[in-house]
K.L.:
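One structure coming up, written as structure tokens, with questions to follow.
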Amino acid sequence: MGNRNSRYATTKAVLIVSMSFMMLVILHTNYNTDFTHYTDSNIETTPLHGNDQPPVSKPETTTTNTSTTTSATPTPTSTPTSAPVSPPKIPISPKEPIKTNKPSDSSDPLNIIYDSELSTVIQYDNGTQSRIFKPAFFKNPKAAKKELGSFMETLATKSWLVQELLAELDNEENNNQEGGDDDDEEEEEEEEDDDHDRKVSLNAVASSGRYFAYLPMGGGNNQFTSLEKAAILAKDLNRTLLLPPISPNSHIRVWAGPRYSEFYDLDTFVAKSGIPVVEWHDVKQAPESVPEGFSHHWEEFSEALPCIPNGGIGSGKSKLYDKFRQQFLLKFEPVIIPADRTKGKATDFRFARDILLKDTPTTTPTTQGEVDPNMWKCLTCPYFLGGDELNGRVWSEVGVHLRFNDKTEAMADDILDILLGPIDDDANNKKKPFRPHPEFIIVHLRRGDITTKCPVGVDEKDCIVQIEAIADKVDAIEKERRIAALKEHKKEKNGDESEFVHKRLPVLVATNEKREEELEKIETLGWILLDHGDEERDGKGNIIPSKTKKLGTESKLGPWVPPMLDAVLLTRGNYLIGMANSRMSILGTQRGKAWHGHHTVLM
Ligand SMILES: *[C@@H]1O[C@H](CO)[C@@H](O)[C@H](O)[C@H]1NC(C)=O
Ligand SMILES: *[C@@H]1O[C@H](CO)[C@@H](O)[C@H](O)[C@H]1NC(C)=O
Ligand SMILES: *[C@@H]1O[C@H](CO)[C@@H](O)[C@H](O)[C@H]1NC(C)=O
């Protein structure tokens, strides 16, 4: 039976892969039909331009990896079940056929596979595709909209493929049940080593080609909370989560935000959480940055984004607090559900879920050319959903599985190399996902707007945790460490403690504190400030000496990276002291404990 299941699974994967590939050939290339894919390798690294100062001289590109999952494509001899499937017809009006300027098997690293007056799609040797938006694109909203295609149509195509696939599989399964399958066993063994792609494909099938989308709201931490809650909803609804990028906000004022997969390991997340995910970047390719003046016109270029308001967000005239719609050229369209007696203000998780669960009744099964009327569900603001059930689930079912990818962990390693120095630790290195460093304590000193949030009449030192109190906590940690180390020492030296020397751990501080007197306290304590800024130079070009080590993270890697690396480093400290009123601290303590077994405390 196990063999049958694995064979069944393999068949699904094979079918998905081959169908994706065929759709690729058929469809306009800006549809990335490979719904198994979200590696971070194809992220555009073009520097982002600020909203406020966005002159862009060169056309911008967006990249999509449209290569099929070749790793999951078995050789013909091992796949008796991969009989050619007739190419599916496209359920909705297809775009114009690909205009090929060059033979596709050309060894030229730059294949132009589509070219119009508005944009050019190029494909690199390695399969990555980029769309370059020409200046004309930004001048003609109507033509631009046509050029971009519709995300809804893209999803409909994907959805239809999955439906079709499920029907195929049913037939397949029935046939297999009838015929003998003894002689396939060896081949099945070869297929056992299923990789991520395959699991991801199966998860996509599990959601039956239905999607759940949401709007990210506010700063990075709020957006992360929204993601967690939306993922729980997607799970309960058996839908694929359509994941927006980490969106620009009042702290990071640029046009476009990066994919989550640039920093997080989404493949593993899908495999472990069982929640299928597709990123907006794979559904709609929009310009990563825009010429000056465009931002006033973005709505003219946008297509409708139907979404059910909740928490009062999007009902009436209230703001949506996101820049995501602008990035993907989407015009919010409130969908008021008659059954929603709160009229778009619901904040109760179960109630919102019940609203989302109410499907439009369908009499006939979805046939070719017909779009599942329940394919699309969207809720404006999962952030505001609450209730004990939800709050208990976001960490255990989502947060714990959403880990940083290797690239991001490696960037954190680079910082630790600079601040603490690497250590030789070959034995431990093999066990750990990241490079070995000396043990350290990390303090997350969340300041800034929190200091302005003290209630009226309450003194700041009674309202936010003071550095002196944190220093006491560090001392308490050191006392415990000292006792443990001394015990160990005496055991080794037969009770002799004369040579015992206690070495305190280095203390790293991640903070947004700007006040000079507070920073001086940190310096006096000998703690190491994580300073992502650049070296400053005087009029003569000489480097101005700084009390902190200037990491230059932001200028080297862009505005999204410093807060992300701080979040990674919180998980890396063998001891983490966080602030109880900070979401980022709380998340850091959960992660450090669960992922690395670190000691964490909130103050
Ligand atoms: C593919 O090639 C392009 C152009 O050289 C490059 O920018 C991109 O990073 C490559 N992708 C991978 C996964 O190697
Ligand atoms: C594209 O995706 C495939 C499968 O996920 C992967 O093997 C390949 O390396 C990727 N290529 C690029 C350029 O990202
Ligand atoms: C989701 O799928 C599970 C397992 O197939 C099923 O038990 C459950 O009823 C489904 N829920 C919805 C809302 O479709």
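Since the model is a prediction, treat every value here as computed from it, not as a measurement. Scope of the values below: all heavy atoms of this structure, side chains included, with no hydrogens, waters or symmetry mates. Along the sequence shown, residues are numbered consecutively beginning with 1. Read the numbers this way: they start at 1 and go in the same order the structure lists the ligands and their atoms.
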K.L.:
Evaluate the 4.0 Å heavy atom contact test for atom 14 (O) of ligand 3: does a protein atom fall under the cut-off?
P.N.:
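Within 4.0 Å: yes, protein heavy atom nearby.
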K.L.:
I'd like to check which ligand 3 atoms, numbered from 1 as shown, lie under 4.0 Å from a non-hydrogen atom of Leu357.
P.N.:
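Heavy-atom distances to Leu357 below 4.0 Å select 13 (C).
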K.L.:
Among Leu356, Asp236, Asn238, which one puts a heavy atom closest to atom 10 (C) of ligand 3?
P.N.:
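Shortest heavy-atom distance from atom 10 (C) of ligand 3: Asn238.
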K.L.:
When you check the gap from the basic side-chain N to the acidic O, do Glu300 and Lys145 get nearer than 4.0 Å?
P.N.:
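No, this pair does not count.
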K.L.:
Under 4.0 Å from atom 4 (C) of ligand 3, do we find at least one protein heavy atom?
P.N.:
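Under the 4.0 Å cut-off, atom 4 (C) of ligand 3 has no protein heavy-atom neighbours at all.
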K.L.:
Can a cation-pi geometry be assigned to Arg583 and Phe224, taking NZ or CZ under 6.0 Å from the six-membered ring centre and within 45° of the ring axis?
P.N.:
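Not satisfied by the 6.0 Å and 45° rule.
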K.L.:
In sequence, state the C-alpha distance, the side-chain angles, and the governing distance for Asp359 and Arg239, and then conclude on salt bridge (Lys or Arg N to Asp or Glu O under 4.0 Å).
P.N.:
CA-CA 13 Å; Asp359 280 345; Arg239 284 171 180 268; 3.8 Å; yes
K.L.:
What distance separates Tyr383 OH from Asn310 CG, expressed to the nearest 0.5 Å?
P.N.:
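CG of Asn310 is found 13.0 Å from OH of Tyr383.
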